[in-house]
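Below is one structure, written out as structure tokens; comments come after it.
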Amino acid sequence: MSLSWMAWTWQTATFFILLAMVLAGMGLWEWKRPGGNPRRGIFGLDTTRGDRLFITLLGSGFIALGWLSFIGSPPYGALVICALWAIFVFRRV
Amino acid sequence: MRRFKWLVPTLYIVFLMLPIYWLLNMSFKTTNEILGGFSLLPQDFTLENYKKIFTDPTWYNGYLNSLAYVVFNTVISVCAALPAAYAFSRYRFLGDKHLFFWLLTNRMAPPAVFALPFFQLYSAIGLFDTHIAVALAHCLFNIPLAVWILEGFMSGVPKELDETAYIDGHSFPSFFVKIFIPTITAGIGVAAFFCFMFSWVELLLAKTLTSVEAKPIAATMTRTASTSGYELGLLAAAGTLTIIPGAFVIYFVRNYIAKGFALGRV
Amino acid sequence: MAQITLAGIRHSYADSPSSPSDYALKGVDGQWADGGAYALLGPSGCGKSTLLNIVSGLLQPSEGRILFDGKDVTALDPVDRHVAQVFQFPVIYDTMTVYENLAFPLRNRGMAEAEVDARVREIAAMLDLDDMLERRATGLTADGKQKISLGRGLVRSDVNVIMFDEPLTVIDPHLKWMLRSKLKEVHQRFGTTMIYVTHDQIEALTFADRVMVMTEGEVVQIGTPVELFERPQHTFVGYFIGSPGMNVMPCSLFQGDAIFDGEAVTITEKPVGSASGSLELGVRPEFITFAEDGLSVEIVNVDDIGRHKIVDLRRGDHRIKMLAGEDDPIPWENPRIRFDPDHTRIYADGRLL
Amino acid sequence: MAAKTANHKAWWLVAPVVALVAFNALIPMMTVVNYSFQETFGDNVFFFEGFKWYEQVLGSERFHAALGRQLAFTFTILVIEIPLGVAVALAMPRKGIGVSVCLVLMALPLLIPWNVVGAMWNIFALPDIGLLGRALNGLGLAYDFTQDPTSAWITTIVMDVWHWTSLVVLLAYAGLRSIPEAYYQAAKIDGASAWAIFRHIQLSKMKRVLTIAVLLRFMDSFMIYTEPFVLTGGGPGNTTTFLSIDLVKIALGQFDLGPAAAMSLIYFLIVLLLSWVFYSLMMRNEER
Amino acid sequence: MAIELRGVVKQEGGQIHIHETNLSLEKNAFNILLGTTLSGKTTLMRLMAGLEKPSSGRVFFDGRDVTGVAVQKRNISMVYQQFINYPNLTVRENIASPLRVARVSAAEIDRRVAEAAELLRLSPMLDRLPAELSGGQQQRAALARALVKDSDLVLLDEPLANLDYKLREELRQELPSILAEKGAIVVYATSEPHEALLLGGFTAALHEGRIAQFGPTAEVYRNPVDLRTARIFSDPPINTALVAKKGNTFHLNESVKWPVNDATCGLADGEYRVGLRPHHITPMRRGEGSIEVMARVLVTELTGSESIVHLDIGGHRWISQSHGVHAVAIGATETMYLQTHRFMYFESDGSLIAA
């Protein structure tokens, strides 16, 4: 069975592998040291560790889109903002 | 005010019935009459359109194909959803909430663009133009729905019932099949109804994944509409016939919707 | 506040009732005086809740009339009858805070906000709800929710009657005690007519001045707790009230005395009327004592339940229960018992002679 | 209700579902992501293009127009369908034969294949031979959905209302039926007005089902394709060219796979965000 | 035969449901778990049944470690507070269910089902579905299913709590004899002290996930080890107050005092908390140790056979429970008698020091 129609490139493959590793890592973390009950963050949302990951990823998507529409590629700057966003979410939300 | 309450559903139903009435009206007219003028009832009543559908294999096979993959999909969706819904309703496990949300996000991807990879995927595994391809593809949106509906019903069943069965000595499979499934028939009825409905009405994926052998009726209709010009009478008759299986299904589950539906934590 | 009269109330849930068994209520008459505390007591399915809903106006009786102070209210809506009702399971408005829940019935009637506030705070203090007034009502325990329901029933001062439909079902036994005394206190303080429906004799008897005992859609006796206890008009009342219930044994009559299992039993109150039908002797466990001379019996079992002992006796095929005091000795050797003549009664076909 | 027990073995029970859905969801999703970074000239020959398509789409007039139309459409049908569905559910009989009749008749539109719905409304609304078109023109209104953008919009919206309001009715009705009778009795005795009953009892108890109804309608209407395509073909002009119709035009009509893929993913993110925000807000209110 | 919990702890999500517990329950007696809602009765039962695994500690059955053994492999029955029956099976099939699973022969099943149905007076409704039965009948069906099987351990979790008062009374009377014949270990959870006393046997008083006391029921009732147990085991609630011991006298206040007795003469002077059960405050003199007090009547509740009067005695709100009818006016001041030899004296930490 050929997979060529899926049009893989090393860039996208890396992206998906990283994503899968983040998910697996989070799963492993939760497995070994359960995060416990949700906490109430600054947005008034009750979030668990998994929820915070979701917020981070979704937020990062929009940060990247915003960067592309207002500043343009390459979006390395967006990457930095995403990292800051991730730290913020995991600490405070 | 209370005395006129019945007016609301009545007017609403009249509104719903008007287009259907028009479709029915058209289906009993000849193409000439349709194009020739406007009349509330067929002047030249004919069953020709229906006769054509029931005799022409490309037409009636369309119905059979549709029914085949819809039934197939309903069975797969409900069977797969049953244990999953049980897990969601009874247990906490790693990533349960996110998994549930992920299942629901599958309704969010625009099918128009995703049709192409679907076509390639099913071609690649050699299932293109088979009933099973459509049945499997429709699982994408039907399974999450079935899981959600069944989970609601199952949460309405006290977990003490499960425990009583285990204490009686039932193993999990025996309890699940002999005790639990009969207990939530209403939920299964409602879930099956929704699976049937969404699989029956969907066209884009069904059309993409089939060409000849498993072509659904809806696709036959679009092709007719485009190739043989506007044979409106025939199209109307075919359309009318697509309403019938759904009407049957809803008739059979109406009591579940009225009573059982309410019991579940919808 | 009002005097409530029930005149020939019959009710059937069937569309066209034919036999008496189709009726949930088979003809109830009665009167509840202004300011009294009443209870409707009976086993599940006896029609007590149906009767309650007919009084509050949630249900229209198939036949009969309800009068408030002599005025026919049978056709009136609950709102116009000015009644309050507390249900078996807590009903709270999730969208509101505890305070708003309590204020709801008052605000709906357009009461001035200052008055609402005073009233709500008074009731909240009484039910120990004052420290949670600003909280959402949703997150509370069943106990807390039921307290709110009770509060909504008690908050109005203009009601003709407050009705309680088994309100303590969901409450823990320890809290039951507290809430029951609270209700009693409220009644003694405000003097509102209250009707309390329950299957629990203790709740009914401790709460009410007069109790209506019902079974199978009929009222078998209306009376004060003392009357019900001391002079049950029906063996059902004897059995249903009292724990354990009254001993009922077949007997015959001879010259005004009862003959039970071949021995004469003295009765102070000689039966009047002709003795037809099957005769039974009724005596409560509380009115049986060990005695030197009396019926000889066999002791089957003694249950020490702390405050007193329940003694299970046998004479021939008949089982008799009696109560003995916490410190009373049990005469294991050749026990004999005596029925208190003042409290031994004769029943014919279940009814007091 | 007692708390659920922790049991990670439950994963075995969800495994079949995960496998089936992942097969159908992940592979196409990954493929679309791959497309969105590449250029192709057919025959499975691809060139990596970085973020070119995203930039192009985000800056394009066409994208903004389609997104605007889509949002307007979704917003309109939600504003009509949710209140209408709730109103119908409230007015429906609670027992008797009427319930079955109502439910069966109301569910009919849900069970008609989507292209048949489009075709049916096309026939129904045609200004020359359609009942609706003839009736409106008979009343002196200039109505022609094939020519006039306003007519086309109204027809599309009315069609969607016709098609989907019943789903809201079914869900709302189920929610209403699960309210214990005691709530209505208590409200009667508390002297609550009809509005207060609706606001504090019915609406609050229906919140869960309404959340679901809004989510389903939001997601499905955002993806709507078949019915308006069959009805108007996206016209007149591009006035009823919603997101999916536009995507098909780009992907299949112009075979610009890359931009179409990028655009779908952007849409996917928008729907995901809006659904999540809405879902979180509803659930947050529930807990307080 | 015995079931034994050794150092069992149950905690979940950082919350401790059961603190370290050691308990051994024997067969041929009613073993009662008494406590309020959330005191841990149900959790304890579920641990015994194997429906939940202890966080630490072990469960032994007949000396055999059964901690990890699946429920199916333990020979037990359980009845819940809610009426749990299989809704799609008739009463007959419901009762037969455990036997069918155990592959008992059809004739044997028929015999045993008929027997159990007879015992619980279900014979006329064997062919009905549970939904067609009244609450009491549904619970009897659940009991029949638990009894039909020869289980080693029968767990009853407040089985009568949702039933009518009178029905409860009847079943409560029948249950001990029905269960006695089974020769199984019977564990019965209840929140009502009255019920525990009626059922007899042994009682474990539970409070916030700990067993406060375990022993023969009457013993636990009469000699509670601490104030908590006394509270759990008193309905109406036990009357308590702080008293001062000065020399040979206990003072409740200036006017109410009583002399020490053999049990209390050895106590040091100081403050003690006393407990007195409501039926030891009576309107008539009973026994030698009674002292007279003046009490203001707050609320009266008459049951016909008993009078329950809420009193204000020297600023303490106390309850008196007595046989017969004692009509007293609210607000009036009445003479009441305290049976001082029934006082229980507690240390400041709540433990009993003298009674």
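All values below were derived from every heavy atom in this structure, side-chain atoms included, with hydrogens, water molecules and symmetry-related copies excluded. Reminder, nothing fancy here: chain letters follow the sequence lines and each chain counts from 1.
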When the 4.5 angstrom heavy-atom criterion is applied to E:Arg342 and chain C, the contacting part is side chain
OG1 (C:Thr206) and CG (E:Leu302) are apart, to the nearest 0.5 Å, by 9.5 Å
Look only at the side chain of E:Lys166 and the backbone of C:Tyr239, and say whether a donor-acceptor pair between them is shorter than 3.5 Å. yes
Taken to the nearest 0.5 Å, the spacing of C:Asp200 CG from E:Arg168 CZ works out to 6.0 Å
Discussion item. One pair to check against salt bridge (charged side-chain N to carboxylate O under 4.0 Å, His left out): E:Glu192 and C:Lys176. What are the steps and the verdict?
Written reply: CA-CA 11 Å; E:Glu192 293 181 45; C:Lys176 257 186 200 171; 5.4 Å; no
Please step through salt bridge (charged side-chain N to carboxylate O under 4.0 Å, His left out) for the pair E:Arg317 and C:Glu185, ending with a clear verdict. CA-CA 14 Å; E:Arg317 193 188 168 122; C:Glu185 228 177 293; 3.5 Å; yes
Most contact-rich option vs chain E, by heavy-atom pairs under 4.5 angstrom, among C:His308, C:Lys184, C:Arg307, is C:Arg307
For E:Glu170, I'd like to know if atom CD has over 12 heavy atoms of other residues, nucleotides or ligands within 6.0 Å.
yes
query: Do C:Ser243 and E:Glu169 get their side chains close enough for a donor-acceptor pair, meaning under 3.5 Å?
result: yes
OG of C:Ser181 to CG of E:Leu298, rounded to nearest 0.5 Å, is 10.5 Å
In this structure, OG of E:Ser305 is separated from CG of C:Leu323 (nearest 0.5 Å) by 8.5 Å
With chain C, the option among E:Ser234, E:Pro237, E:Pro278, E:Pro236 that has the most non-hydrogen atom pairs under 4.5 Å is E:Pro236
Ranked by heavy-atom pairs below 4.5 Å to chain E, first place among C:Ile305, C:Ile202, C:Thr169, C:Asp327 goes to C:Ile305
*Heavy-atom side-chain contact between C:Lys321 and E:Gln173 under 4.5 Å*: yes
- prompt: Would you call E:Arg277 and C:Glu326 a salt bridge, taking side-chain N to carboxylate O under 4.0 Å as the test?
  reply: no
For E:Arg296, the salt bridge (charged side-chain N to carboxylate O under 4.0 Å, His left out) test, sequence neighbours excluded, returns E:Asp312
Discussion item. Around atom CZ of C:Arg210, are there more than 12 heavy atoms from other residues, nucleotides or ligands closer than 6.0 Å?
Written reply: yes
So, the part of E:Val325 with a heavy atom under 4.5 Å from chain C: the answer is side chain
Answer key: most heavy-atom pairs under 4.5 Å with chain C among E:Thr303, E:Asn162, E:Leu198 is E:Thr303
Filtered by a 4.5 Å non-hydrogen cutoff, the part of residues 30-44 of chain E contacting chain C is E:Thr36, E:Thr37
E:His341 meets the ring-ring contact (aromatic ring centres under 6.0 Å, His included) criterion, sequence neighbours left out, with none
Distance col, row E:Thr300:OG1 vs C:Gln188:CD, nearest 0.5 angstrom, shows 5.5 Å
Greatest number of non-hydrogen atom pairs under 4.5 angstrom with chain C, of E:His310, E:His323, E:Gln321, falls to E:Gln321
Bottom line for C:Arg180: the part with an atom under 4.5 Å from chain E's heavy atoms is both
Distance col, row E:Leu167:CG vs C:Ser44:OG, nearest 0.5 angstrom, shows 7.5 Å
Whatever's closer than 4.5 Å to a heavy atom in chain E on C:Leu175 counts as neither
Ranking C:Asp304, C:Asp303, C:Asp312 by heavy-atom pairs under 4.5 Å to chain E gives rank one to C:Asp304
Open item on the list: For a 4.5 angstrom cut-off between non-hydrogen side-chain atoms, does E:Tyr165 reach C:Pro43?
Closed with: no
Residue set satisfying side chain to side chain donor-acceptor pair (under 3.5 Å) with C:Arg345, at least two apart, ordered chain then number -> C:Glu269
Ranking C:Pro225, C:Gly245, C:Gly325 by heavy-atom pairs under 4.5 Å to chain E gives rank one to C:Pro225
